[in-house]
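One structure is given below, encoded as structure tokens.
Not measured: the values here are computed from a predicted model. Start at 1 and go down the list; that is how both ligands and their atoms are numbered.
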Amino acid sequence: MANQEDIFKKVISHAKEYGYVFQSSEIYDGLSAVYDYGQNGAELKKNIREYWWKAMVQLNENIVGIDAAIFMHPTTWKASGHVDAFNDPLIDNKDSKKRYRADVLVEDHVAKIEAKIEKEIKKAAKRFGDSFDKEQFLSTNQRVLDYQAKADAILKRMGKSLENEDLTDVKALIEELEIACPLSGSKNWTDVKQFNLMFGTKLGASADTATDLYLRPETAQGIFVNFLNVQKTGRMKIPFGIAQTGKAFRNEIVARQFIFRMREFEQMEMQYFIKPGTQKEWYETWKEKRMQWHLSLGMGADNYRFHDHEKLAHYADAAADIEFRFPFGFKELEGIHSRTDFDLANHEKYSGKKLQYFDPEENKSYVPYVLETSIGLDRMFLAVFSNSLQDEELENGSTRTVLKLPAVLAPNKVAVLPLLKRDGLPEIAEKLVDELKWDFNVDYDEKDAVGRRYRRQDAAGTPFCVTIDHQTLEDDTVTIRHRDTMEQKRVKLAEVKEIIHKEVDMRYWLQKL
Ligand code: GAP
């Protein structure tokens with residue numbers, strides 16, 4: 001069994017080899033935590049975005065979509081709390097000059113303690129064999145209990161210090177735990193400082209008149225400032241939602257893990273405007289609905305779990321993540337946040353404009369509460385891509401690399417392959433491509449033996465291959481091969497389009513919602 005690191009490395013190299021994800025500006029040695037999507041990646045990303053948009057906007061009468069600008073009036077970010085509270089605690093090592101997130105250094109230290117617990121479990125499991133009871137072991141073994149207590153105490157202290165903005169204590173904790181710089185091994189640390197994650201830029205030509213702007217760190221604020229425009233022009237009645245997809249920017253300090261944490265990324269967010277007091281019920285509803293959306297893609301229920309937040313963001317009264325099993329473990333994929341009236345009320349305060357809804361049923365105006373669902377498109381891409389990449393042992397002892405993308409999301413739905421480059425077979429294949437291309441992205445491939453072409457399409461994630469052979473000349477039938485089962489069937493040429501439609505059409509997938 002390959003370890004997590006090897007699997008993740010394979011994901012990254014496969015994404016490059018098959019035209020999914022490239023490092024940005026690679027010829028200049030890349031730009032850290034910025035990535036480009038290639039010919040297949042752009043299609044997969046577009047399909048995920050469309051799958052989300054259809055589920056949220058097209059299928060919900062009371063949700064509409066907008067496309068707000070990335071640049072916003074700078075006061076937006078004062079009102080939203082991002083100027084004052086969108087910070088990470090940073091610490092520099094004086095010897096290596098490397099900068100770290102202080103909380104991540106502490107969390108990595110705790111992870112080492114947890115690894116010791118895992119080691120104890122493995123040792124005991126080996127010693128006790130079939131009679132090993134993990135639960136009992138965890139609750140009675142003194143060494144494990146001590147480790148666990150130590151880990152809990154560290155996290156509790158850090159949580160409290162961060163909440164109280166006591167950065168001196170965060171530094172004291174790092175020193176007490178004798179945490180060393182992973183690069184130099186030195187324990188010579190600076191003080192911990194808050195660092196704002198927003199990217200700044202300037203609007204205007206001359207330095208003295210230019211206005212300082214931020215690149216938006218979330219798409220949500222474009223929805224809040226347009227709340228009344230949409231409500232009035234769309235004659236929307238509460239409860240209703242506004243959705244949008246678009247780029248967001250964060251100057252992430254710990255930006256490893258490929259497209260999991262990027263400096264420029266895309267979000268798919270929906271703000272649901274509700275009557276104050278109903279937020280608990282909508283919070284549960286949207287948690288459930290969003291989980292159903294994920295499950296409809298068939299990537300396995302045991303790959304998802306909810307994680308309820310204890311430490312809430314500055315705007316929330318309840319929050320949960322939908323976590324996914326990435327190659328490096330369970331991590332946040334999507335957030336569901338009960339944002340109260342924090343944003344709208346603050347925009348009222350800072351803009352001096354009323355952002356209220358007149359409720360005809362209650363015969364009064366109020367600032368609505370908001371329930372938000374927020375998912376990173378790139379992170380969803382990584383979830384889909386990494387989960388789909390598999391090495392499969394075949395009956396003949398060989399292995400095949402196959403990218404089992406949900407067919408509805410695959411960049412190319414079908415590859416058309418003439419068995420030979422002669423006898424009129426390419427002409428029939430090209431005719432079929434011309435017919436199918438109006439409905440699907442189609443690949444045409446006539447190079448190499450057909451077995452090798454199947455393998456290429458498997459690795460690229462194409463769900464179907466259609467092969468034109470000599471029998472096609474006689475009876476207008478072709479072979480259709482299924483990527484996941486490798487099953488091949490002889491079908492009529494005229495039926496190909498319908499067969500593929502049934503498997504890839506968003507309608508059939510979204511009906512599972
Ligand atoms: N409007 C709420 C908001 O932005 P968030 O939890 O900071 O909440 C929401 O972000 C989602 O955006 C995350 O669950 C994640 O999928 C994605 N995301 C956040 N930061 C990211 C980054 N640096 N790179 C890629 N995706 C990111």
*Is the ring centre of F260 less than 6.0 Å from the ring centre of F326?*
yes
*Just need the protein heavy atom nearest to atom 18 (N) of ligand 1, so name the residue and atom and give the distance.*
F265 CE1, 3.5 Å
*What residue and atom, counting heavy atoms only, is the protein's closest point to atom 12 (O) of ligand 1, and at what distance?*
Q267 NE2, 3.4 Å
*Backbone N/O of L409 and side chain of N47: donor-acceptor pair under 3.5 Å*: yes
*When you look for heavy atoms under 4.0 Å from ligand 1, do you find them on the side chain of L333, its backbone, both, or neither?*
backbone
*May I ask you to decide if the ring planes of Y304 and F324 are parallel, tilted or perpendicular, using 30° and 60° as cut-offs?*
perpendicular
*Please say whether M262 places an N or O atom under 3.5 Å from an N or O atom belonging to ligand 1.*
yes
*Could you tell me whether some N/O pair between G376 and ligand 1 is separated by less than 3.5 angstrom?*
yes
_Distance under 4.0 Å to a non-hydrogen atom of Y315: what atoms of ligand 1 satisfy this?_
2 (C), 8 (O)
*Could you tell me which atoms of ligand 1, counted from 1 in the order shown, lie closer than 4.0 angstrom to a heavy atom of E334?*
14 (O)
*Of the protein's non-hydrogen atoms, which lies at the shortest distance from atom 9 (C) of ligand 1, and what is that distance?*
S374 OG, 3.0 Å
*Take the angle between the ring planes of W77 and H82 and call it parallel below 30°, perpendicular above 60°, tilted in between.*
perpendicular
*What are the atoms of ligand 1, with element, lying closer than 4.0 Å to any heavy atom of E372?*
1 (N), 2 (C)
*Do Y20 and Y18 have their ring centres less than 6.0 Å from each other?*
no
*Among H337, R261, M268, which one has a heavy atom closest to atom 8 (O) of ligand 1?*
H337
*asked:* In terms of relative ring orientation, are F258 and F8 parallel, tilted or perpendicular, with 30° and 60° separating the classes?
replied: perpendicular
_Using ring centroids (six-membered ring only for Trp), state whether Y272 and W282 fall under 6.0 Å._
yes
*Determine whether the side chain, the backbone, both or neither of F249 has a heavy atom under 4.0 Å from any heavy atom of ligand 1.*
neither
*asked:* Measuring from atom NZ of K287 to atom OG of S338, what distance do you get when rounded to the nearest 0.5 angstrom?
replied: 11.5 Å
*Mark up the atoms of ligand 1 that fall under 4.0 Å of a heavy atom belonging to E218, in ascending order.*
1 (N), 2 (C), 3 (C), 4 (O)
*Among H347, E269, R216, H73, which one satisfies side-chain hydrogen bond (donor to acceptor under 3.5 Å, both in side chains) with Q221?*
H347
*Contact atoms of ligand 1, heavy-atom distance to F260 under 4.0 Å*: 24 (N), 25 (C), 26 (N)
*Which of the listed options, R250, Q257, E269, R263, holds the heavy atom that is closest to atom 5 (P) of ligand 1?*
R250
_Does only the side chain of R339 get under 4.0 Å from ligand 1, or the backbone, or both, or neither? Count heavy atoms._
side chain
_Suppose we measure from atom 14 (O) of ligand 1 to each protein heavy atom; which comes out shortest, and what is that distance?_
E332 OE2, 2.5 Å
*Do the side chain of R483 and the main chain of L403 share a donor and acceptor less than 3.5 angstrom apart?*
yes
